[in-house]
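To start, the structure under review is shown below, and the notes come after it.
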Amino acid sequence: MPGAAATGTRHFLIGTELSREELDALLARALELKAAPLCSDALAGASVALIFEKPSTRTRLSFEAGIHELGGHPIVLRAGELQLARGESLRDTALVLSRQVAAVGVRTGPDEMLAELAAHSSIPVFNMLTALHHPCQALADLLTVREALGRLDGVRLAYVGDGTNVARSLALLGVLAGMEIAIASPPGYALAEDLEPSGEGSLTLHTDPREAVRGADVLYTDVWVSMGDEHAARERRAALAPYRIDEPLLDAAAPGAFALHCLPAHPGEEISEEVLYGARQRIWDQAENRRHAQKALLELLLPPRE
Ligand code: CP
């Protein structure tokens, strides 16, 4: 059937499309690309569409800059710029994208939208953030931990706060990489208890942030009021107030523990200003690592053409 999804096309929708070996290799490659950012022309002559139905700073910057560094051409399409906004179907959009570009990234709300686009695409589709998943963020998170500690296997990472898409992707990819992931959230804000990541690591859910960070090498948090949660901002801030990453919480973790945050941050809410801009964090490395990790992902999704 002309334009139907090609067998063998690789998508990256939730992150666990990767095997443990592929994830390890991707992170090793990302470190090579970080050391020599212009060493690859894997996307020479290729265009990559980036569809943003929600705002972005890091994801847009890192994909646009990264695609350029790989010799490719990023085409950014914002909400309302595609005929999708006027009712054209996802199927027809996928068929046309597949005839024009080498891959497409999407930031949207419903995961079902991404899945339907992928089902009709003969080019790789990758997730730049959906309601449930943010796997590109998790790649950069793991890269930052590996860069700092030299390994992921057995590393304990404690996430404190809202059980967001970032927490879910971190759990899925962290366990795949062999990490011990502990997530502390208040009642009503936890990740689904039936989330069962597969891999050699482990996932434990807690309500007490101090219990979760005990022995942790890395502490991680995300905003208390995510995109789309603004209507419940007051009650979210009240429920999540005990889940702030600050110096006392870092002191309760393993010696040398450092903080991560996917950003954007709200200093004074989920993280103290002292930690965000201090010496006990790798947050700004983590933001930079989005580009290196995603370049390695694009190399994996788009093998050399004949
Ligand atoms: N962490 C993250 O995805 O940042 P942006 O929303 O700015 O892209």
Side-chain angles (χ1 to χ4, degrees), residues 12-15 27 30 34 48-69 74-79 81 103-111 113-114 125-145 147 157 159-174 181 183 191 218-230 233 236 240 245 258-267 269-271 275-277 281-298:
F12 188 70
L13 308 184
I14 64 173
L27 297 175
K34 183 168 185 173
V48 177
L50 303 171
I51 299 174
F52 285 96
E53 295 192 331
K54 289 173 176 283
S56 167
T57 296
R58 279 140 292 272
T59 306
R60 177 169 174 181
L61 283 169
S62 55
F63 266 112
E64 276 207 66
I67 290 165
H68 175 70
E69 286 180 358
I75 302 173
V76 172
L77 299 152
R78 285 175 289 261
E81 291 183 346
V104 55
V106 182
R107 169 168 288 206
T108 188
D111 285 75
M113 181 271 198
L114 197 68
V125 175
F126 52 92
N127 184 341
M128 302 196 297
L129 181 144
T130 51
L132 294 180
H133 297 278
H134 200 357
C136 289
Q137 179 66 54
L139 291 180
D141 302 340
L142 268 51
L143 179 61
T144 308
V145 175
E147 185 179 41
L157 183 150
Y159 176 101
V160 295
D162 191 15
T164 59
N165 47 8
V166 168
R168 181 175 291 98
S169 290
L170 199 52
L172 289 172
L173 286 168
I181 308 291
I183 298 185
L191 273 186
V218 185
L219 270 56
Y220 196 123
T221 192
D222 191 0
V223 294
W224 291 344
V225 184
S226 295
M227 286 182 275
D229 291 330
E230 293 81 1
R236 292 186 141 267
L240 289 155
I245 293 185
F258 60 86
L260 294 180
H261 190 311
C262 53
L263 302 174
H266 294 81
E269 290 195 8
E270 76 280 356
I271 190 164
V275 172
L276 181 62
Y277 302 111
Q281 55 76 29
R282 289 187 176 257
I283 292 166
W284 308 103
D285 290 339
Q286 180 189 9
E288 177 189 331
N289 283 342
R290 293 290 305 272
R291 184 169 89 259
H292 310 302
Q294 290 159 189
K295 285 171 68 180
L297 173 69
L298 288 168

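Owing to the predicted nature of the structure, the values given are computational and were not obtained by experimental measurement. Note that ligands are numbered from 1 as they come in the structure, with each ligand's atoms numbered from 1 the same way.
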Would you call R107-E53 a salt bridge at under 4.0 Å N-O? no

Straight-line distance of H266 NE2 to H261 NE2, nearest 0.5 Å: 8.0 Å

If the criterion is any heavy atom closer than 4.0 Å to an atom of ligand 1, which residues make the list? S56, T57, R58, T59, R107, H134, Q137, C262, L263, R290

Can you sort out the partners of D162 under salt bridge (charged side-chain N to carboxylate O under 4.0 Å, His left out), two or more places apart, ordered by chain and number? R236

Applying side chain to side chain donor-acceptor pair (under 3.5 Å) to E147 and not counting sequence neighbours gives K34, N289

Which pairs pass salt bridge (Lys or Arg N to Asp or Glu O under 4.0 Å) with one or both residues in residues 54-67, sequence neighbours excluded? R60-E64

Do the side-chain N and O atoms of T221 and E270 include a donor-acceptor pair separated by under 3.5 angstrom? no

